[in-house]
Visitor: 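Got a structure for you, written out below as structure tokens; questions coming shortly.
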Amino acid sequence: MDSKYTYTEIEPKILQLWDTLQIANPDARKRTKSTKSFSIIMPPPNANDPIHIGHAMFVAIEDTLTRYHRMLGEDTLWLPGTDHAGIETQYVFEKKLAKQKQSRFDFDRETLYQKIFEYVQENSDIAVSQIKRLGASADWTRFKFTLDEDVVSNVLETFKSLHKNGLVYRDLQLVNYCTKCGTSYSDLEINHEDRTTPLYYIKYRFQDTPQKTISIATVRPEPIFADTHLAVHPNDHDKKHLIGKVVLNPLTDQPMPIIGDSFVDPEFGTGVVKLTPAHDPNDFAVAKAHNLPIVPAISNRGKILENGGKYAGLSATKAREQVIIDLQKKQLIEKIDEKYSNRISTCYRCGRVIEPLPLPQFFVRVKSGKQNLVKNIEKMLDDNDTSIHGAGREKILRNWLSSLKDWNISRQIVWGIRIPVWYKIDGYEDQITATFLEKSGKTNTGTLAELLKNHTLEEIKAGLQTTTAEAAVPYILSITPPTEAQHYFPETDTFDTWFSSSQWPVVTLQTNQPDDFKRFYPTTVMETGYDILLFWVMRMMLMGSYLTDTTPFKHVYLHGLIRDDKGQKMSKSKGNVINPLTVVDEFGADALRMALVIRSTPGIDKSIGKSDFKAARNLTNKVWNASRFIISRSQDQSLSHTDLALPADTQESEFFTQLNQTITDVSTQLDKLQIGLAADTLYSAFWHWYCDECIEHVKLNKLSTQEAAIGLIQFLKLLHPFTPFVTEAVWQELRAANLVTDDCLALSTWPTTNPTD
RNA sequence: GGACUCGUAGCUCAGUUGGUUAGAGCAUUCGGCUUACAUCCGAAGGGUCGGAGGUUCGAGUCCUCUCGAGUCCACCA
């Protein structure tokens, strides 16, 4: 053995050994009916992205648990996969198109989908090969991609089932729409930013007494032309007499009745509000309650619509400037508060201001209907069917659940699973709007009634880009094109990526080996970063409870974010991003994993830097050298594996008592998912007790080589889940020296303090 | 506005149901190439565990208040 552990040479060989021995495939091992099962579904990384340090974190933790339970003899499965990552991927692809001076509007949806598909294919192995390199003992024979045919088919069936049970509905709602990304988002995908914007006080003339005015305050004057009503609080002493009066729209002079609604805060602004139901969530709700018209003023491209007269076609920002100028000319601006601090919704993806738009979309009902999905989750938590490990995150989850609204699952993008819906054409030609590309490359937009005058249905469908059907248009659900295709027009929206990943634990087990679902569901641990607790974990609980009437996982382990050695968030702009593959090259995969895991706590961020990797690398070298010493002495004394079993009675020996204590401690800690603590316990026990004290005692003949060798074997087993490569490499040396017999350490049995079996 | 987390050695962090002289890595000082390892070994310095009060035989650990840092959520025009 060399005096230095050369991970760059050894790690790839060990990977090959594990591959040959199929350590990760639970079917490659015997099991009985009483064998306990242990399963983790891997959080699927984006198929076409290189991994980052967060991925390395989940690999380190999940592989540690997987290897531990495998060594305990449990029926162990770690099931890997990748995600198509709808918006993320399409966004990246569109950036690529932009560099070639193209946009998604240059393609029909079939072509665009195909292009993105090819792009993803080209890069889809990146994440997988990198995760393998970290030593992930996941069962790659069970690998799943979110767009695999069988996965898609299951997701579509779920949609049909939800719809049948009334838990999915289509409705006109005000949705968060990004005019740059060209799609709506769920409430979770928008950010809020504090900004200083002008607050305009605008005067409205009364219809009967035009010399008298009333003022309202607004940050959004541009859609005023479409407003139809004002509102005051019905109990406001100063203002309630205004209810029923009529004022004139300052831009169009159209009459606007004043209504009463308690949503108005008499203390704020002037105590009078203009209602813009099509572009403000509050106003939308009020309009629905009072049955007021919802008049859109802004398009999904962020431009003023035709009904805006002279403002039509202007961007919202430009229109605002012009509106203010016009109102000033009419002397209808009372004042402008330039320093009003306001909270703005922005797109999490591109940072643009979110435009609330009225769009008919599909929603998952979360708190009413046949099943109250939120109640299901709360019961899981109450009954401790699912326990959440991660610094108060259960409370955060509960807090969010209490105010959860229906989930918008429609996305106006191509890259994803198309919602299997077809709209009835006959009689609804003027309520369905489509955009399609002619063969010449010319884009056409219009109602079907208009488009069908000059084009055949086949032409339109062939070049189809988007469909917008009004909420009243009847539709059918069908995964394949309906038999009477000429009477139906396809939906073009796709599912929110999280809609398919919310079913991941169920779907991956249902589409693999026939008995996998029965064998591994509910899964044991769901391990992921706390940043996607709401996006993903909560949704998996929603859908898991719907599909299986039980929790999808018994434990949720939420690791913290990885920060740099100064505790700062990693970001490209700061230049402090750590690439896990670089660390693997420089220090080895074991060192990376150990550095990430040791003393980490669920839910708490972890700082890490070069000195941490160095320290962990030194541990692998320590393991190697301690082993080298013991192996050489064992050979000098002609020991063989028959001499090296852990003795049954260890009471008399201080060495074995201490060793057993370590075994008990580490096992207990791993059982309680205290992985960072277990790693720390092991590090100290191995280095400062076993190496610093015990091996020195061997040199002084205070401890026998035989005892020390027994101890080494136990330590290798304990260390293996954390530093799998070096321990396996040593194991192969021990095997060559006839000191152990098992083919590999990964499949050997975990130490017990009562080794009777 | 609501909720959550953190504040322990110079730095980054552990501390498992409250239980003896509060730990690790890195950094610092001193001494060592001792026949596994200088990616090492031995020794040393350094903490009134943010602050105040309380519960307890006993609190870094539980409770209350308070100061500081950060995160999540929320429709105030």
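Convention: sequence-line order gives letters A, B, ...; per-chain numbering from 1. What you are looking at is a predicted structure, and each value in this text was computed from that prediction instead of being measured.
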Visitor: Would you say A:N618 places a side-chain N or O within less than 4.0 Å of OP1 or OP2 belonging to B:C40?
Guide: yes
Visitor: Mind calculating the distance between CE (A:M594) and C1' (B:U39) to the nearest angstrom?
Guide: 15 Å
Visitor: Check whether any side-chain nitrogen or oxygen of A:T601 sits under 4.0 Å from OP1 or OP2 of B:A14, and answer yes or no.
Guide: yes
Visitor: Got A:M541 and A:L381 here, is their nearest side-chain heavy-atom distance under 4.5 Å?
Guide: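 Yes - at least one pair of side-chain heavy atoms lies under 4.5 Å apart.
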Visitor: Determine the Euclidean distance between corresponding P atoms of B:U12 and B:C73; express it in Å to zero decimal places.
Guide: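 Nearest-Å result for B:C73 against B:U12 at atom P: 27 Å.
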Visitor: Using the C1' atom on both, measure B:G46 against B:A9 and round to a whole Å.
Guide: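 Here B:G46 and B:A9 have their C1' atoms 6 Å from each other.
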Visitor: Please state the P separation for the pair B:C65 and B:G2 - nearest whole angstrom.
Guide: 14 Å
Visitor: Any salt bridge linking A:E378 with A:K375? Criterion: basic side-chain nitrogen under 4.0 Å from a carboxylate oxygen.
Guide: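 Judged by the 4.0 Å cut-off on N to carboxylate O distance, A:E378 and A:K375 do not form a salt bridge.
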Visitor: Nearest whole angstrom, please: distance from the C1' of B:A24 to the CD of A:Q674.
Guide: 17 Å
Visitor: Touch check for A:I608, heavy atoms < 4.0 angstrom, all strands: base, sugar-phosphate only, or nothing?
Guide: nothing
Visitor: Flag the pair A:W689 / A:Q661 as yes when at least one side-chain heavy-atom distance between them is below 4.5 Å, and no otherwise.
Guide: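 A:W689 does not reach A:Q661 side chain to side chain.
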Visitor: Would you call A:K702-A:E654 a salt bridge at under 4.0 Å N-O?
Guide: no
Visitor: On the nucleotide B:C41, are OP1 or OP2 found under 4.0 Å from the side-chain N or O atoms that A:H688 carries?
Guide: no
Visitor: Just N and O in the side chain of A:K622: are any of them under 4.0 Å from OP1 or OP2 of B:C41?
Guide: yes
Visitor: Hey, what do you get for CG (A:L327) to OH (A:Y200), rounding to the nearest 0.5 Å?
Guide: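 Taking CG in A:L327 and OH in A:Y200, the distance rounds to 10.5 Å.
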Visitor: Looking at A:S607, I'd like to know whether one of its side-chain N or O atoms comes within less than 4.0 Å of OP1 or OP2 on B:C13.
Guide: yes
Visitor: May I have the distance from A:L558 (atom CG) to B:U5 (atom P), rounded to whole angstrom?
Guide: 14 Å
Visitor: Quick one: which residue pairs count as a salt bridge (Lys or Arg N to Asp or Glu O under 4.0 Å) with a foot in residues 608-636 of chain A, not counting sequence neighbours?
Guide: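 Residue pairs with at least one partner in residues 608-636 of chain A: A:E586-A:K610.
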Visitor: Taking the nucleotide of RNA chain B with the closest heavy atom to each, which residue, A:K672 or A:R633, is nearer the 5' end?
Guide: A:K672
Visitor: Between B:A14 and B:U8, how far apart are the two C1' atoms, rounded to whole Å?
Guide: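 Comparing C1' positions in B:A14 and B:U8 gives a spacing of 10 Å.
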Visitor: Once you apply a heavy-atom cut-off of 4.0 Å, does A:K4 come out as touching a base, just sugar-phosphate, or nothing?
Guide: base
Visitor: So A:L401 and A:M538, do their side chains get closer than 4.5 Å, heavy atoms only?
Guide: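 Yes; the side chains approach each other to less than 4.5 Å.
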Visitor: Counting side-chain heavy atoms from C-beta on, which of B:A14, B:C41, B:U39 comes nearest to A:R599?
Guide: B:A14
Visitor: Could you summarise the pairing of RNA chain B as dot-bracket text, marking Watson-Crick and G-U pairs under 3.5 Å with ( ) or [ ] inside the strand and | across strands?
Guide: (((((((..((((.....[...)))).(((((.......))))).....(((((..]....))))))))))))....
Visitor: What is the separation between atom CD on A:Q669 and atom C1' on B:G15, rounded to the nearest whole Å?
Guide: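 Atom-to-atom, A:Q669 to B:G15, this comes out as 11 Å.
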Visitor: Is a side-chain donor or acceptor of A:N249 paired with a backbone partner of A:I224 at a separation under 3.5 angstrom?
Guide: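 At least one qualifying donor-acceptor pair exists.
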Visitor: Could you state the atom-to-atom distance from NZ of A:K395 to P of B:C4 in whole Å?
Guide: 6 Å
Visitor: Please tell me which of the listed nucleotides, B:U5, B:C37, B:G25, lies nearest to the side chain of A:A615?
Guide: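 Nucleotide nearest to A:A615's side chain: B:G25.
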Visitor: Taking the P atom of each, how far is B:U56 from B:G15, in whole Å?
Guide: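 Approximately 28 Å lies between the P atom of B:U56 and that of B:G15.
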Visitor: C1' atom, B:U55 versus B:U16: distance in rounded Å?
Guide: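 It comes out at 23 Å once rounded to the nearest Å.
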Visitor: At 4.0 Å (heavy atoms only), tell me whether A:D283 reaches a base, stays on the sugar-phosphate, or touches nothing.
Guide: nothing
Visitor: Provide the distance between the two C1' atoms, one in B:U17 and one in B:C76, to the nearest whole Å.
Guide: 47 Å
Visitor: Less than 4.5 Å apart, side chain to side chain, heavy atoms only: is that true for A:Q674 and A:H389?
Guide: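 No, their side chains stay 4.5 Å or more apart.
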Visitor: Any donor-acceptor pair under 3.5 Å joining the side chain of A:E696 to the base of B:A36?
Guide: yes
Visitor: If the test is side-chain contact (heavy atoms from CB on, under 4.5 Å), which one of A:I354, A:N191, A:L188 qualifies with A:Y348?
Guide: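 Result for side-chain contact (heavy atoms from CB on, under 4.5 Å) with A:Y348: A:N191.
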Visitor: Starting at atom CG of A:D680, determine the distance to atom P of B:A22, rounded to an integer number of angstrom.
Guide: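 Answer to the nearest Å: 18 Å.
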Visitor: What's the verdict on side-chain hydrogen bond (donor to acceptor under 3.5 Å, both in side chains) for A:T528 and A:W536, showing C-alpha distance, side-chain angles and the deciding distance?
Guide: CA-CA 9 Å; A:T528 189; A:W536 194 41; over 6 Å; no
Visitor: Base, sugar-phosphate, or nothing for A:Y683, non-hydrogen atoms under 4.0 angstrom?
Guide: sugar-phosphate
Visitor: Within a reach of under 6.0 Å around CZ of A:R352, are more than 12 heavy atoms found that belong to other residues, nucleotides or ligands?
Guide: no
Visitor: Does the protein touch nucleotides 63-77 of chain B at the base, only the backbone, or not at all? Give it as B, S and - per nucleotide, heavy atoms under 4.0 Å.
Guide: ----------SBBBB
Visitor: Using a 4.0 Å heavy-atom cut-off, does A:A626 contact any base of the nucleic acid, only the sugar-phosphate backbone, or nothing at all?
Guide: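 Here A:A626 touches the bases of the nucleic acid.
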Visitor: Taking atom P in both B:A3 and B:G45, compute the distance separating them and give it to the nearest angstrom.
Guide: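 Those two atoms are separated by 47 Å.
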Visitor: Write down the distance between CG (A:L533) and C1' (B:U5), rounded to a whole number of angstrom.
Guide: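 Whole-Å distance recorded here is 14 Å.
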Visitor: Select base, sugar-phosphate, or nothing to describe what A:R617 touches, counting heavy atoms under 4.0 Å on all strands.
Guide: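 A:R617: base contact, heavy atoms under 4.0 Å.
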Visitor: In whole angstrom, what separates A:K610's NZ from B:C26's P?
Guide: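 For the pair A:K610 NZ and B:C26 P, the rounded distance is 16 Å.
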